[in-house]
Amino acid sequence: MTVKVGINGYGTIGKRAAWAVSKQDDMEIVGVTKTRPSYEAKQAVAEGFPLYGACLEDVGEFDKAGYKCAGTLDDLLKKVDIVIDTTPGGIGAQYKAKYEVAGVKAIFQGGEEHGIAGISFNALANYHESWGARFVRVVSCNTTGLVRTLFPIDKEFGVERVIASLIRRGADPSDRRGSPLNSIEPSLKLPTHHGPDVQTIMPWLPIQTMAVVTPTTLMHVHCIAVDLKRKVTEEEVMNVWKKAPRVRLVSGKDGIKGTGQVMELARDMGRARGDMMEIVVWRDGTKVMDNHLYYYQAVHQESDVVPEIVDCVRAMCKMEQDPAISIAKTDKAIGLAK
Ligand code: NAD
């Protein structure tokens with residue numbers, strides 16, 4: 001029997017989550033919500049996902065535009081075991097009571113506060129915390145990126161301290177609003193919230209973060225300095241990341257000089273939507289001096305959380321006890337397997 005999944009908010013993350021869930025053999029998409037007719041609503045229908053309006057007025061709009069609408073979010077909630085809430089940041093909190101009344105489990109996204117669920121999720125680092133949970137939050141793209149590379153390093157060598165500077169993309173490619181066109185804006189409230197967000201998953205990790213927003217849409221880049229508990233070699237560090245799921249090593253010597261080439265690689269690999277779901281670390285941008293590790297990584301903000309959302313469904317619905325098996329299953333189904 002497959003677990004029945006609904007998506008509330010078929011936007012940047014929602015459409016990717018729907019696609020990834022639909023590729024798994026142990027879960028299925030029962031429906032997705034949109035607030036108004038749009039090319040994304042059309043695409044949802046084309047992909048075979050039953051379309052629901054977020055509320056009754058939306059259903060009216062879809063009817064007028066000639067869409068076959070299967071009902072409202074309330075109708076969808078009657079048919080699912082779990083809803084993936086991918087509404088814009090802050091809106092998910094407004095839906096929590098509805099999910100509670102409907103008796104469905106819900107996964108929120110990084111735009112919500114940790115407190116919305118009290119559990120924040122990363123498949124490799126804390127899968128079991130979400131075992132059978134009613135509400136869980138999958139952390140943001142940046143936090144996912146930091147945890148993916150830092151957790152295995154901490155496990156292997158022990159981390160004394162992390163300082164990370166985040167060069168953030170100003171907006172997603174399809175956004176019509178976003179960062180200034182010709183300005184770099186530092187986050188003036190320091191340290192930024194990203195460190196505490198990592199600590200919702202790795203509470204023991206001493207990490208501080210700074211961030212600037214830049215006029216680019218492709219990816220975030222993180223510049224990370226780590227003090228380790230012992231001396232290591234670059235080879236030892238590479239061996240850890242080679243084994244870590246959802247981490248891809250690239251090289252400037254191969255012509256991958258920046259985020260433009262990383263995204264071109266994803267397209268060349270034939271990835272769905274041209275997505276790079278792994279965290280990309282530059283081999284030749286990694287340096288070890290005694291117990292100090294420095295590295296750069298790139299984060300595709302639109303897609304890195306997607307495989308995590310799938311694993312989160314498995315943990316919450318008690319479908320697979322072993323995180324490694326869930327990760328491998330998810331990744332194989334969406335073409336990420338190492
Ligand atoms: P988005 O704006 O691309 O998509 C949101 C979707 O929700 C849209 O389809 C919109 O029509 C719909 N929506 C808006 N108001 C709604 C309402 N009241 N009820 C139901 N649906 C509604 O947003 P996104 O980028 O996909 O972000 C969704 C969540 O994922 C946020 O919490 C965000 O912080 C988080 N997130 C975003 C990114 C990213 O870079 N885009 C990365 C990681 C996590």
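Computation of the quantities below employed the complete heavy-atom set of this structure, encompassing side-chain atoms and omitting hydrogens, waters and symmetry-equivalent molecules. Numbers here are sequence positions counted from 1. In each ligand, atom 1 is the first atom listed, and ligand 1 is the first ligand listed.
Counting heavy atoms under 4.0 Å from ligand 1, residue Lys15 does not touch it at all. With a 4.0 Å cut-off on non-hydrogen atoms, Ala54 touches ligand 1 through its side chain and not its backbone. Under 4.0 Å from ligand 1, not a single heavy atom of Leu73 appears.
A donor-acceptor distance shorter than 3.5 angstrom exists from the side chain of Asp85 to the backbone of Thr87, with no hydrogens or angles considered. No donor-acceptor pair closer than 3.5 Å links the side chain of Lys231 to the backbone N or O of Met289.
Geometrically, ligand 1 and Thr12 share a nitrogen or oxygen pair separated by less than 3.5 Å. In terms of N/O distances under 3.5 Å, ligand 1 is approached by Ile13. On a distance-only criterion, Gly9 and ligand 1 share no N/O pair closer than 3.5 Å. By the 3.5 Å distance cut-off applied to N or O atoms, Arg169 is counted among the residues near ligand 1. For the pair Thr33 and ligand 1, the shortest N or O to N or O distance does not fall below 3.5 Å. On a distance-only criterion, Gln109 and ligand 1 share no N/O pair closer than 3.5 Å. Not one N or O of Arg36 is nearer than 3.5 Å to an N or O of ligand 1, by distance alone.
Using the six-membered ring where Trp is involved, Tyr127 and Trp131 have ring planes that are tilted, between 30° and 60° apart. Taking the six-membered ring where the residue is Trp, Tyr294 and His292 present tilted rings, their angle falling between 30° and 60°.
Here Asp26 pairs with Gln24, Arg314, Met319, Lys329 under the side chain to side chain contact (heavy atoms under 4.5 Å, CB included) rule; sequence neighbours left out.
Screening Val281, Val299, Ile279 for a side-chain contact (heavy atoms from CB on, under 4.5 Å) involving Arg148 leaves a single residue, Ile279.
Between Phe49 and Trp19, the ring center distance fails the sub-6.0 Å criterion.
If you check which protein heavy atom lies closest to atom 14 (C) of ligand 1, you get Pro88 CD, 3.3 Å. Nearest protein heavy-atom neighbour of atom 16 (C) of ligand 1: Thr35 CG2, 3.7 Å.
Across the listed options Thr144, Thr86, Val306, Thr86 owns the non-hydrogen atom lying nearest to atom 6 (C) of ligand 1.
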